[in-house]
Every structure is written in C-alpha cells, then in structure tokens.
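Contents: one structure, followed by commentary.
Just follow the structure's listing: the first ligand is 1, and inside any ligand the first atom is 1.
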Amino acid sequence: MSQALGNHILVEFMNCDPHIMNDVAAIERDMVDAAKKAEATVINSTFHHFSPYGVSGVVVIQESHLAIHTWPEYGYAAVDVFTCGEMNAWIAFDYLKESFQAKSYSAIEMKRGSVNLLTRNDFDISTMRQKANEWVNPGFYTRNVWFTDKDENQALSLRFTGEVFYDQQTPFQRVRILESYKYGKMLALDDMVMTTEKDEFHYHEMISHPSLFMHPNPKNVLVIGGGDGGTIREVLRHSGVEKVTMVEIDGAVIEACKEHLPKIAAAFDDPKLTLLVDDGIAFIEKAESETYDVILVDGSDPVGPAEGLFSVSFYTHCYRALKRDGILVAQGESPKFNEKAFRELNLTLQSIFGKENAPVSLFFVPTYPTGMWSFQYGMKGNIKRLHDSKTESIDAFVRDQGLRYYNAAIHQSSFALPNFVKTLIQQ
Ligand code: SPD
C-alpha cells in the first residue's frame, strides 16, 4: 500500500447506554481520555448539548481530531478518529467502545492523503514544528451546554457547566441536580426548572410570608409538595408557627436536595416538622376538616405528578381542611407562559372560595420562562388585607431574618395586577 499522511476511522457505536449518550460532560471526558490513551497530544475540545437530547463535540489533537455526534434516543454515536504519525486510532476506538457500553459496532478505515497523488511544496517544516511545540496547551476546553425549559413556542435557557450531580428516573419524574453558570446548582424535574441556589429566595419567601403575615395567628401549617425544603425553611422562621406538616410524593427530591442543595433543604430536622413521603392529593382527601390555618401548595407544573394539584376536587378538600379563617396559597403558574393553567386555577379558586376571595400575587423569578410567576390564594371567611399596623413588624422580621425579596411594600404591590392579567381571570 502506498504511503499516506493520515489514517481515518469512521465508527458506528450502536446500542450504547442512552444516558451516557446524553451526558455531555461524560462524553467530553471519555473523548479526551480516548485521545490520551492513544498517546495523542490534546490541544482543546469543544462540546455542545442539544435540548432535549444529543451531543456533538470535537477534540482537537496535535495529530488531527476525534469527533462525535450522538443520538441518545437510538443509543447511537457516530465517531470519527483522524490521526497522523505514529498514533494508533484503534486504541481510542477500544476505549470508547467500553466507555459508551456499545453492544454492537462497526468501523471502516481509510488512508487519507496518499502521498503519490500529492505534490510536496518546498518550505522548512522543521521551523513550523518548533513553533508548534513552543505553544503551551492552556487546558481550555470550551463547552456549550444549555438547559431549556419550554413549551412549543417559548423557552428559557440557562447555560450550565455540564456537571450532573444527581440524575434519577423515579416512578414519578426525572429528578436532576445540575449546575448552571449564572444561578449555581439547580433542581430540575423532568425538563422544568424548579429552583436554583441563587434565585430560590424569590419563590420561597413569596409563597410563605404574605399568608403568614395576613393570617391573625397561624399555628398549624400544611405544605403539599415542596420537596426541596425551601418553603418549610421560610415557614419555620415564624416563631408563632407550632406545627408544620409537609407531604411530598417523591422522596428522591428530598434526598437529592439534602445532599446537593443543603442551604435550601435546611429545615428538615426541625422538631416542629412532620414529614410524610406520600401523595398530597390522597392526604388532603382524608384530612380532618377545619385543621390548618395555612395550606401552601408548592407543586410543580400541571403535567406529571402535579396535574391533580390543579383540580377542583383537590381545592375543595383544601377548603374543607382549612380552619374558619384559613388561607390557601398555591403555585399559580405564569400569566405569560401557562395562560390556560393560570386562568383555570383562578376560576377554580373563585368558584370554591368566592370571587373576592381568590386574589393573585405576582412576583419575579429569573429562571422560570418569561420571569413572571404567580401564587394564587383562597381566603376562607372574611377578606384579608394586610393591616398597616403590621408594616413595622414585617420590616423587623425582614431585618432579623435577612430576607432578600419579601418586605411590606412588596407584599402590597404583589397583589396589584396589570390589566391584561385582570382580563385573563375574568369569568
Ligand atoms: N415552572 C416552575 C413551577 C414551580 C414549581 N415549584 C417550585 C418548587 C420550589 N420549591
């Protein structure tokens, strides 16, 4: 065979582990390690994750390149390894076959650049090689991985590092803890952002403090959902609260957050807490009437296990389980993202609690699609407003507890609705 400049192997890896095929950090590491095993000199690498699945990437080596495109849904990776000089591409092939757990594979090998077909130019290659050797690899690997929370027409994307701290498919949902560049570690359920280290306080302060300050004497609080623990952490800041019951359907969420988001999952050992890993919908159906002062429904979006948290039957039972002056607060979706769910929830609450007793509070969450989010209320008994006399005690509480979103002015203003939102919830 005549001499060639390079050797190119084109590989089909089939029936690979689909989770590995979607794990951009693992694939980048394996590709870089495969190059090193084959004694290549790695210059840099760039990898991209496609939402919801698929990875593409290239490792540039002094001896040419390794490239990959994956289709996790087929457990398939298309890989090519292009080498020149002494490097043996088949060492990289063997390494990747094991790492991707490929059950079947095929490859073809091509010689590239047959020297008898090429004309050599006359320049001093030794000086160029010397220059290349002077260059020190800064070890800068670029990676471009985005997590996207979206519907068919609208999305919010966060760039994340590719590190996956937790990834479990439970009987209810896929639970993941990932790391975003801007907002730190993030809890995602299925493909939806639930909370992040750096903006969780927006949500958790606003789900809990307004109702606890509007209620004259909240002692017994029920939290449905809220597995990350941020809501109970806020509720338990109120020294007058004597008992908190939390019912979370998915124990994996609690475990993942205790391990990886400890500042959010900070109150699970509080003696006032009774924690039940159970179905909140079944729990409320069996709950005693007139038991709770405040019920907080910290559920995810109305798909998957949280769908029942948006039903008439669920809120009818919540109404029954509230004491005479009780307040219900529910994760209310967005009037700009989930208009239908937002409206239907408000009409449900109006029908159960009364038209004037179903106010909406708006707040801002940078990591949820559109940023505009809501809590929706059901006030049992008389209409409740924040007494001016409470302003001072709220401000003192805010100072003592170091709150970062909620204050007395935010409390009042969050219930003021833009006109388009008023129209959206008209009967
Ligand atoms: N799309 C986000 C809906 C919010 C769901 N709950 C967040 C959990 C925070 N404790």
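Residues satisfying the salt bridge (Lys or Arg N to Asp or Glu O under 4.0 Å) test with Glu234, not counting sequence neighbours, are Arg237.
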List, for ligand 1, each N/O atom that has a protein N/O partner under 3.5 Å away, with both atom names and the distance.
unit_1	atom_1	unit_2	atom_2	d
ligand 1	1 (N)	Asp301	OD1	2.8
ligand 1	1 (N)	Asp301	OD2	2.9
ligand 1	6 (N)	Tyr203	OH	3.1
ligand 1	6 (N)	Asp298	OD1	3.4
ligand 1	6 (N)	Gly299	O	3.1
ligand 1	10 (N)	His204	NE2	2.7
ligand 1	10 (N)	Asp228	OD1	3.2
ligand 1	10 (N)	Asp228	OD2	2.6
ligand 1	10 (N)	Asp298	OD1	3.4
ligand 1	10 (N)	Asp298	OD2	2.8

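Phe420 carries Lys336 over the face of its six-membered ring, with the cationic atom under 6.0 Å from the centre and within 45° of the normal. Because its NZ or CZ atom is not both nearer than 6.0 Å to the ring centre of Phe13 and within 45° of the ring axis, Lys97 does not count as a cation-pi partner of that residue.
Atom-to-atom distance recorded for Ile91:CD1 and Thr83:OG1 is 10.5 Å, nearest 0.5 angstrom.
The six-membered or imidazole ring of Phe397 lies near that of His209, with a centre-to-centre distance under 6.0 Å.
Among the candidates Phe353, Phe415, Tyr315, the single residue satisfying the ring pair (Phe, Tyr, Trp, His ring centres under 6.0 Å) test with Tyr377 is Phe415.
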